[in-house]
Amino acid sequence: MSSYLDQLNPVQRQAAENTDGPVLVVAGPGSGKTRVLTFRIAHLIEKGVPPWEILSLTFTNKAAKEMQERIEKVVGDKARNVWSGTFHSIFARILRVEADKIGYSPNFTIYDTEDTKSVLGAIIKEMNLDKTVYNVNTIRSRISSAKSSLITPRLYAENEELKMQDRQAKMPYISEIYLKYGERCKRAGAMDFDDLLYRLYELWQKNPDVLEKYRKRFKYLMVDEFQDTNTLQYGIIRKLVHFEGSPRNICVVGDDAQSIYAFRGATIQNILDFEKDFSPYGIKVFKLEENYRSTEHIVQAANEVIRFNKRQIQKKIWSSKGNGQKIKVIKTMSDAEEGKRVGDTIVEQRNRFHLSNSDIAVLYRTNAQSRVMEEYLRRYNIPYRVFGGLSFYQRKEVKDLIAYLRLAINPRDEEALRRVINFPKRGIGDSTVDKISEMGGQQNLTMWEVLLHVDAATRTQKSIQEFIKIVQESGQKAETLNAYEAAMYIAKQSKLIEEYNQDKTVEGLGRLENLNALLDGIKSFVEDDEFETAAEQQNKSLGSYLQNIALLTDMDDESKQTGDYVTLMSVHSAKGLEFKSVFVVGLEEKLFPSFMSMDTPDGLDEERRLFYVAITRAEQFLTLTFAMSRYKFGQMQYNEMSRFIEEIPRDHLESTSALRSGFSADYEPTPSKSGGTSGVSGAFKPRPSSANAAPKIDPALFKPSPSEQIKIGSKVLHLKFGEGKVLNIDGGKDNRIATIFFEAADDEKEKRIMLKFAKLQIVE
DNA sequence: GAAGTGATGTTTTTT
DNA sequence: ACATCACTTC
């Protein structure tokens, strides 16, 4: 049973076998790092290390799950006892156990970004600050990075540099807001994402005995995507393994070239520090440079592009998969046309290379770009799924019900309370809510506690009593019933179902459907034991369910991962994934690289790493597109081609004509006198790909033009051969024969066609 | 307190 | 383009 190690190349194998002492694995894209981590863990277990002494940290639930499954394949059920999960989920689990030591209940709520912003908004309002100056997003990110740098509100207030920055930004009160925010979260029994890290650090800092317990428990530590860790995360890791007498069994895997989360505090300094911190203890460094994912043109393009970055760990990835296809570049006049051309190309690739939809991904810099893409994929009848953006759990109606569920578990949860205290409407208006909130602020009480004692006008008072009753009864049900039964009860008692039932509009029906989907989800949580791992001693309570979903993102939506769909997602979300064919769209200056980061060298480098991540997702086909104009804020913007395309040596590109001309690959465009039609709304004319395969022209949209109008230079559409350009016309008046060049034809691209009989539609 | 209307800013990425 | 939010009116 030792054969599993034979599946690794020599370097991978060494990285997997050197289980004792510190190890740094620098792993290029597609170099099999997950494989190394999996086999490493499997190897440990085979050697007799108890699975529960192994801690494996990743960034996404998806990566964690994949890892778990792959270990299971090698070592079987024992894999279930490995502590494997995201930083946030593992730390939350520990914090629930130790909650009392830091003044929290094990039932603490996790505030998501929206909750956080809402709390901040309330504080700003109460402090009578101008919220156009005190922008919640800015403040949230400042507080977040403070926490990630271990700066408490107090340290913040004493930090001259921060104070000066705040004064310059005309927001001198940020440190006060930070302080209040912390108090409020604590009072509400809530932690935000950063707290899950920060509070654990603090817990270990203040309670050496607790830290000791975990040092003993986790004998082997593994960290994936180490380049994305922030200072705080590394701090926690260090506490766990970097101490006097520790065997320092830690393995971190990362790639500085794929560090794309600097904006939320990640720093590749951690990689450098790691090397420094552990070098006295015999650190071993392995570099995985063979890329098993992509063909040579793609890999080399990636290498060349990343060379434009200043600092980096010396590393050059290579592929033994052969040259493969060159990278295709498509230039279009507008974002709409970009959508069309991507649609075209997808159809073509499916036909010519027998790709499934699920082999294909469209990646973009900003989620907003999905709109246009979706519109055109829909027109082409190409099935797709959009990942990212707001997840199922972030939809209004879903959040509404979840807010009631959260209140049942933790009535001090202020954000949940605010959300539903008057929804469905029960006569507790804004002014009442503000009053309650203010009283809470003054007396250091939560809104819930204020509610319990409030004296208000009798009518309002009655409504409040009603609300209190719902929450209290919900709480009782949550204790006695399982998650599903409790949720059903709450959904009915709160009148949420009734409320959405009354809305008979299309959206209303969708909302009701979503509510039911949520309830179904809870049901399967109760029935399904897939979630159960011995390590987390799951039960089926409502509280347990809420803990489970609090850290889920849209990427974890399983229903989206099955079936034959083209994937649409941001480049950030695509990290760690791979597809046979990848489209990177919107490659324009100010979009990719983003205008937000292109002014600073560091920002630009990060954008370039992001581009590096994007192109290295592709196994065989890589298509880069850019549009000369696109709508932004409802206004037309004119853009230039991204510098990143120019940074790819031309010999990796399929045709360079796209870089010059307005039209695709192989022929020059014909300037049209009647003003450009391409892309600007108007009729939609698909451009089929292959003459042999069934062309994907919708006959309903095909309108043959009178043959007299066809001239040399016309661009025409043929039902079978697709789009072509008229190169020549000869023959007499009634027997005119056109020589037409069809780009998409497989065999002879130039065809001679009798205009009298042919059905051709003039495109321009 | 609810419901309707006009002004305003927003979009970089996510656990 | 779109949503959110302040403001008005009932």
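Heavy-atom basis, side chains included; hydrogens, waters and symmetry copies ignored. Proteins come first, then strands; the chains are lettered A, B, ... in the order of their sequence lines, and each starts at number 1.
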Heteroatom pairs (N/O) under 3.5 angstrom, protein to nucleotides 4-10 of chain C:
from	atom 1	to	atom 2	distance (Å)
dC5(C)	O3'	K131(A)	NZ	3.3
dA6(C)	OP1	K131(A)	NZ	2.1

For nucleotides 5-8 of chain B, give me every protein contact, N/O to N/O, under 3.5 Å, one pair per line with atom names.
none

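The environment of NZ in K495(A) is sparse: at most 12 heavy-atom neighbours from other residues, nucleotides or ligands sit within 6.0 Å. Summarising the local packing, OH of Y631(A) is surrounded by 12 or fewer heavy atoms from other residues, nucleotides or ligands at distances under 6.0 Å. Crowding of K310(A) atom NZ: a count of heavy atoms from other residues, nucleotides or ligands under 6.0 Å exceeding 12.
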Quiz item: Can you give one letter per nucleotide of nucleotides 9-15 of chain B, going 5' to 3': B for a protein heavy atom under 4.0 Å from the base, S for sugar-phosphate only, - for none?
Solution: -BBBBBB
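Using a cutoff of 4.0 Å between basic side-chain nitrogens and carboxylate oxygens, R365(A) and E607(A) are scored as salt-bridged.
For the P atom pair drawn from dT4(C) and dT13(B), the interatomic distance equals 16 Å after rounding to whole Å.
If you run ring-ring contact (aromatic ring centres under 6.0 Å, His included) between H572(A) and each of F263(A), F59(A), Y364(A), only F263(A) comes through.
Under the ring pair (Phe, Tyr, Trp, His ring centres under 6.0 Å) criterion, F644(A) pairs with F592(A), F611(A), sequence neighbours left out. Qualifying salt bridge (charged side-chain N to carboxylate O under 4.0 Å, His left out) partners for K632(A), counting only residues two or more places apart in sequence or in other chains: none. In this view, R184(A) and E126(A), E414(A) satisfy the salt bridge (charged side-chain N to carboxylate O under 4.0 Å, His left out) rule, not counting sequence neighbours.
For the pair R379(A) and Y376(A), the cation sits on the ring face: its NZ or CZ lies under 6.0 Å from the ring centre, inside 45° of the axis.
As judged by a 4.0 angstrom heavy-atom cut-off over every strand, N422(A) is placed among residues touching the sugar-phosphate backbone only.
Remark: the backbone N or O of M596(A) is paired with a side-chain donor or acceptor of S594(A) at under 3.5 angstrom.
Rounded to whole Å, the distance from NZ on K462(A) to P on dG1(B) is 15 Å.
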